[in-house]
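Worth knowing before you read on, the calculation uses all heavy atoms, side chains too, and leaves out hydrogens, waters and symmetry mates. The structure presented is a predicted model; accordingly, all values stated were derived computationally and were not measured.
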Amino acid sequence: MIRRTVAAAIVLALSVATGACSSSSSSGTSASSKAQDVSPAGDIPDTQAFVAYSVPGGYAIKVPEGWARATLGTETTFTNHFNTVSVGTMPGAAPTPATVRAGVVPALRRSVPGFVLGRVDTVPVPAGAAVVTSYRAESPADSVTGKRVALDVQRYDVAHAGTVATITVSAPHGSDNVDAWRTITRSFTWTP
C-alpha cells in the first residue's frame, strides 16, 4: 500500500511538472529565455546603450545611457545602483606600475573602505598605455537602506601632454561587466 501511494505521488508530481513545462513552452517563451532577459544584480545588460560624454579641450568617453551624472571639480561620476563610472583629470607625469604602487595604492588604502589590492598592470588602450589597478572595496551606504556591498573596481590611469586621466569602473563583486567596462575604457580619447 505504501509503495503504491509513493508511486502514485511520483506519477502525479511528474505529470504536474510535465504539464507546467508544456504550458510554458506553448506560450512561445521558455523559462530559459526569460532568465536570459534578467541580468543578475550589478550586471550591466548586454542591451545597454552607451552615449558620448566629453569635456571640451580634455577628453571624450562613452558612458551608459540613463545613468545619473554628478560633477565635482574635474571629476564626473555616472551611477546606477551600485555601478559607477568616474572620469577625472589632473596635471601629472605618465604613471608606471611602480609609481602607482608607491603613491596611488597607499592613498587608496587610506581612503577607500574595505580596500584589498588585486593587481597593478599596464595595458594598451587607444588613448595610450594605461596603468590598471584592480582592487576590492566596500560601497558607500545606500541612502535609503544603509546597505553596503563588496565592489570589484578597476582604475585606469593614462597620461597625455602633462595630464593624467583616471577612469574608474566599479560594480558589485562577481558582476559580469567585462564587455561594458571594455566599451567604456576603450572609448576614452583625448580631445583638442
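- Heavy atoms only, all atoms of each residue included: P95 and V100 are closest at CB-CG2, 4.0 Å.
- Distance OG1/T133 to CG/L117: 7.5 Å, rounded to 0.5 Å.
- Residue pairs meeting the side chain to side chain donor-acceptor pair (under 3.5 Å) criterion with at least one member in residues 99-114, sequence neighbours excluded: T96-T99.
- One hydrophobic cluster holds both F188 and I44 under the rule that ILVMFWY side chains link at heavy-atom gaps under 4.5 Å.
- Other residues sharing a hydrophobic cluster with V144 under the 4.5 Å side-chain heavy-atom criterion for ILVMFWY residues do not exist; the residue is a singleton.
- Heavy atoms only, all atoms of each residue included: A127 and V158 are closest at O-CG2, 4.0 Å.
- Within the structure, every pair that satisfies the ring-ring contact (aromatic ring centres under 6.0 Å, His included) test and touches residues 135-184, not counting sequence neighbours, is listed here: F115-Y135, H160-W190.
- In plain terms, the two heavy atoms of P97 and T122 that are nearest each other are CG-OG1, 3.2 Å.
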CA sep, side-chain torsions, deciding dist, call: V169, R155, side-chain contact (heavy atoms from CB on, under 4.5 Å)
CA-CA 7 Å; V169 290; R155 173 188 165 128; over 6 Å; no
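- Hydrophobic clustering (ILVMFWY, side-chain heavy atoms < 4.5 Å, transitive): V153 and V132 are in distinct clusters.
- Every pair passing side chain to side chain donor-acceptor pair (under 3.5 Å) that includes a residue from residues 112-121 is listed here, sequence neighbours excluded: R119-D121.
- Judged as a salt bridge (Lys or Arg N to Asp or Glu O under 4.0 Å), the pairs with a partner in residues 182-192 (not counting sequence neighbours) are, in order, D179-R182.
- Pairs engaging residues 124-145 under the salt bridge (Lys or Arg N to Asp or Glu O under 4.0 Å) rule: R136-D152, E138-R148 [sequence neighbours left out].
- Listed for the T166 side chain is no donor-acceptor partner under 3.5 Å among the backbone atoms of D157.
- A single hydrophobic cluster is seen to contain both V123 and I167, as judged by linkage of ILVMFWY side chains at heavy-atom distances under 4.5 Å, directly or through other members.
- Screening residues 82-91 for salt bridge (Lys or Arg N to Asp or Glu O under 4.0 Å) gives no qualifying pairs among residues at least two apart or on separate chains.
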What pairs of donor and acceptor atoms, side-chain ones from residues 82-92 against any protein atom, are under 3.5 angstrom apart with sequence neighbours left out?
{"unit_1": "N83", "atom_1": "ND2", "unit_2": "G42", "atom_2": "O", "d": "3.3"}
{"unit_1": "S86", "atom_1": "OG", "unit_2": "E75", "atom_2": "OE2", "d": "3.3"}

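- For the pair S139 (side chain) and V149 (backbone), a donor-acceptor distance under 3.5 Å is present.
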Check residues 48-55 and write down every donor-acceptor pair under 3.5 Å in which the side-chain atom is one partner and the other belongs to a residue at least two apart or another chain.
{"unit_1": "Q48", "atom_1": "NE2", "unit_2": "E65", "atom_2": "O", "d": "3.1"}
{"unit_1": "Y53", "atom_1": "OH", "unit_2": "T76", "atom_2": "OG1", "d": "3.1"}

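- Annotation: side chain to side chain contact (heavy atoms under 4.5 Å, CB included) contacts of D176 (sequence neighbours excluded): D43, V178.
- Between the OG1 atom of T185 and the NZ atom of K62 there is a distance of 12.0 Å, given to the nearest 0.5 Å.
- Between A159 and A94 the shortest heavy-atom distance is CB-CA, 3.5 Å.
- Under the 4.5 Å side-chain criterion, counting only non-hydrogen atoms from C-beta, V131 is not in contact with V104.
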